[in-house]
K.L.:
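Sharing a structure below in structure tokens format, with a few things to ask.
This chain uses plain numbering: 1 for the first residue, then up along the sequence. The structure presented is a predicted model; accordingly, all values stated were derived computationally and were not measured.
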Amino acid sequence: MARPADEERTAPRVLACWVPDWPVTAALEEEAGPERLVVVHERGRILAASRAAREAGVRRGQKLRSAQALAAGLEVHERAPDAEAQLFEPVADAVAALAAHLEVLRPGMVALPAAGAARFHGGEHALAEKVVDAVEAVGHECRVGIADGVLAAQLAARAGRIVAPGASASFLAPLPVAELGDAKLADLLGRLGITSIGAFAALPAASIADRFGRTGAAAHRLARGLQARPVVARPPGADLTAQQRFEEPHDTVEPLVFAARALAEHLHTALAAHGLRCERFDVEVDCADGTGATRAWRHEGALSTGAVAERVRWQLQAWQTQRRFGPDQRGITALRLVPDGLYRDPGRQLSLADGDQEAYARVERAVARVQALLGHGAPATVELAGGRAPGDRVVRTPWGDAHQERRADGPWPGRLPAPSPTRVPADPPVVRLLDDTGAEVEVTARAEVRTRPARLVLPDGTLAVTGWAGPWPEQERWWDPQEARRTARLQVTVADGRALLLAVTAGRWRLEGDYDT
């Protein structure tokens with residue numbers, strides 16, 4: 001029998017363990033109670049919500065102010081990635097005790113090869129039960145899923161299912177294409193009328209490669225339950241490990257983080273020299289007392305230098321919290337980054353306008369250093385997408401990552417006419433728009449202003465309104481009573497010469513933009 005090509009091989013069996021609402025748990029340093037309304041946000045968007053908050057209508061990706069309007073008394077916490085990683089380490093240790101190799105996909109989700117561990121523990125169902133018991137023993141609830149490949153296993157974990165071998169394609173078929181993890185591809189497929197993973201998987205593979213390139217071909221293989229890309233062997237004689245030994249043992253994280261940044265750059269240079277990339281890497285440390293520790297991290301998408309350095313920092317901080325090293329113990333004498341899951345680097349196709357490639361490489365290295373100092377999400381690229389409000393159209397993505405959010409540019413009823421504001425606050429402040437009598441200006445259901453605006457009360461003072469235009473009404477999700485929202489926007493000019501954009505929702509006016517030139 002002919003051996004199947006690498007790209008046609010069924011993905012290996014993977015177990016994924018998911019601790020729901022982990023950002024909420026990390027923010028509270030405990031599980032949220034059944035009645036506790038808690039959300040964690042990142043840049044004004046809901047990242048995670050407690051069960052009670054979800055029952056009140058709060059959804060992931062929702063604007064923070066919209067969530068606060070839905071649920072009175074909402075507890076709001078800003079995301080803390082460092083705390084998420086540190087608190088998750090005991091969970092990872094508990095699961096790692098059941099298998100030879102464990103990968104942290106992100107704080108709150110781990111994966112491990114299921115085949116060998118299932119044989120040792122008496123089958124996949126028995127292994128899943130042991131994982132659940134191990135996580136509950138450290139004080140957290142979890143869901144476990146087993147399927148062919150990491151993506152299917154993650155989705156199976158959310159559903160708490162064990163998908164039979166070879167049935168991952170059938171399991172994925174009814175799910176929306178957005179679950180493949182490529183928002184740009186999902187948006188394009190949606191405009192072509194392909195909304196489910198099954199419909200995408202049914203398309204001819206050759207046509208997918210011609211139309212959507214390497215990224216689309218990898219997503220198509222995932223949709224069919226296959227390996228996303230062929231894994232290649234380590235080049236003979238090639239030492240791709242990035243390692244640094246220290247003359248004096250270090251018992252604090254800070255000098256190790258700076259070393260990790262340099263090692264991450266060395267790792268990428270070594271991989272690029274062989275035309276390779278890696279899906280995951282191991283963080284390994286040796287201590288002066290002869291002990292050591294290791295942890296594997298997986299990163300979907302482009303494994304940038306900043307992403308590697310950030311994950312190393314998370315891991316070192318977690319080990320220090322667990323007293324694996326520190327002032328009371330002997331310090332770390334060696335730090336290693338070991339790449340794994342190697343695959344061919346498809347390269348980057350530059351246009352004629354891209355200019356000097358070496359200059360571009362210098363920019364990438366400079367941004368990577370900033371990421372190592374300020375965090376992976378600090379330097380970001382900005383793109384415009386479809387939307388009604390100016391803030392909705394701005395999509396920020398950490399440098400080096402694939403853009404995670406794309407929206408089709410359609411008619412967008414209620415969208416503001418050009419030009420757009422030059423400044424858009426991340427958290428629009430509350431203001432008051434008053435008429436001649438001092439009463440609040442109201443907008444009727446027919447999008448008409450009841451009284452003429454006369455004064456605008458800003459956080460730093462009151463100004464006379466010299467002119468206004470609008471309103472432009474907007475009605476979102478009218479089909480869902482719990483998430484429906486009506487908004488109206490006005491453009492006003494004030495006595496100091498500025499032109500401002502105001503929005504009113506549920507009787508409250510906010511300053512959404514400034515047309516300052």
Side-chain angles (χ1 to χ4, degrees), residues 17-33 36-54 58-65 67-68 71 73-95 104-110 135 138-142 252-254 256-258 260-261 264 283 295 297-300 304 306-324 326 370-380 396-401 404-405 426-427:
C17 174
W18 174 53
V19 182
D21 309 327
W22 184 255
V24 173
T25 301
L28 301 176
E29 297 188 4
E30 62 181 357
E31 299 281 355
R36 198 164 178 181
L37 296 167
V38 185
V39 295
V40 174
H41 74 97
E42 188 174 34
R43 298 193 187 95
R45 294 276 182 177
I46 300 300
L47 178 69
S50 65
R51 182 181 305 174
R54 291 196 302 273
V58 178
R59 295 292 180 267
R60 178 183 171 90
Q62 195 174 44
K63 287 184 178 180
L64 177 58
R65 67 171 184 268
Q68 291 173 317
L74 198 65
E75 294 183 51
V76 178
H77 298 267
E78 191 170 356
R79 187 188 185 190
D82 292 356
E84 291 177 24
Q86 291 176 33
L87 294 173
F88 190 66
E89 188 64 16
V91 179
D93 283 341
V95 180
V104 179
L105 306 181
R106 63 178 183 275
M109 177 80 77
V110 296
V135 176
V138 295
H140 300 288
E141 296 181 358
C142 73
T252 58
V253 169
E254 287 74 15
L256 296 172
V257 171
F258 279 99
R261 182 181 61 189
V283 183
R295 177 72 75 225
W297 282 85
R298 178 183 287 266
H299 180 68
E300 299 298 335
S304 65
V308 172
E310 183 176 49
R311 282 153 180 77
V312 174
R313 176 170 59 85
W314 290 348
Q315 191 59 59
L316 292 171
Q317 289 175 338
W319 282 335
Q320 187 179 50
T321 301
Q322 289 187 310
R323 298 185 180 277
R324 299 281 184 93
V370 175
Q371 284 180 315
L373 291 172
L374 302 182
H376 180 57
R396 294 173 54 88
T397 304
W399 176 275
D401 286 3
Q404 299 298 310
E405 184 178 358
D427 186 14

K.L.:
Ignoring hydrogens, what is the shortest heavy-atom contact between Val138 and Ala94? Give both atom names and the distance.
P.N.:
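Heavy-atom minimum between the residues: CG1-CB, 4.2 Å.
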K.L.:
Could you label the plane-to-plane angle of the Trp297 and Trp314 rings as parallel, tilted or perpendicular, counting under 30° as parallel and over 60° as perpendicular?
P.N.:
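Plane angle between 30° and 60°, so tilted.
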K.L.:
Are side-chain heavy atoms of His41 and Glu78 found at a separation under 4.5 Å?
P.N.:
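The answer is yes; the side chains approach within 4.5 Å.
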K.L.:
Calculate, to the nearest 0.5 Å, the distance between atoms SG and CG belonging to Cys17 and Leu105 respectively.
P.N.:
10.5 Å
K.L.:
Could you walk me through whether Val24 and Arg36 satisfy the side chain to side chain contact (heavy atoms under 4.5 Å, CB included) test, starting with their C-alpha distance in whole Å, then the side-chain angles of each, then the deciding distance to 0.1 Å, before giving a yes or no?
P.N.:
CA-CA 11 Å; Val24 173; Arg36 198 164 178 181; over 6 Å; no
K.L.:
Is the number of heavy atoms from other residues, nucleotides or ligands under 6.0 Å of Glu141 CD greater than 12?
P.N.:
no
K.L.:
Walk me through it: do Arg313 and Asp82 pass the test side chain to side chain contact (heavy atoms under 4.5 Å, CB included)?
P.N.:
CA-CA 8 Å; Arg313 176 170 59 85; Asp82 292 356; 2.7 Å; yes
K.L.:
Can you tell whether the side chains of Arg79 and Glu84 come within less than 4.0 Å, N to carboxylate O?
P.N.:
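Answer for the salt bridge query: yes.
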K.L.:
Enter the distance from Leu256:CG to Gln317:CD here, rounded to the nearest 0.5 Å.
P.N.:
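Leu256 CG to Gln317 CD: 11.0 Å, rounded to 0.5 Å.
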K.L.:
Working note: Arg311 + Val283, criterion side chain to side chain contact (heavy atoms under 4.5 Å, CB included); need CA distance, chi angles, decisive distance, verdict.
P.N.:
CA-CA 9 Å; Arg311 282 153 180 77; Val283 183; over 6 Å; no
K.L.:
Tell me, with the steps shown, if Trp22 and His140 meet side chain to side chain contact (heavy atoms under 4.5 Å, CB included).
P.N.:
CA-CA 10 Å; Trp22 184 255; His140 300 288; 3.7 Å; yes
K.L.:
Under the 3.5 angstrom rule, does the side chain of Arg45 hit a backbone N or O of Leu64 as a donor-acceptor pair?
P.N.:
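Here the side-chain-to-backbone pair does not exist.
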K.L.:
For Val38 and Ala53, which heavy atoms make the closest approach, and how far apart are they?
P.N.:
O-CB, 3.7 Å
K.L.:
So, Arg295 and Asp93, do they make that salt bridge, N to O below 4.0 Å?
P.N.:
yes
K.L.:
Do Glu89 and Gln315 make a side-chain contact, defined as non-hydrogen atoms from C-beta onward lying under 4.5 Å apart?
P.N.:
yes
K.L.:
So does Leu47 get a backbone contact from the side chain of Arg60, meaning a donor-acceptor N/O pair under 3.5 Å?
P.N.:
yes
K.L.:
Once rounded to the nearest 0.5 Å, what's the spacing between atom CD of Glu75 and atom CG of Leu28?
P.N.:
6.5 Å
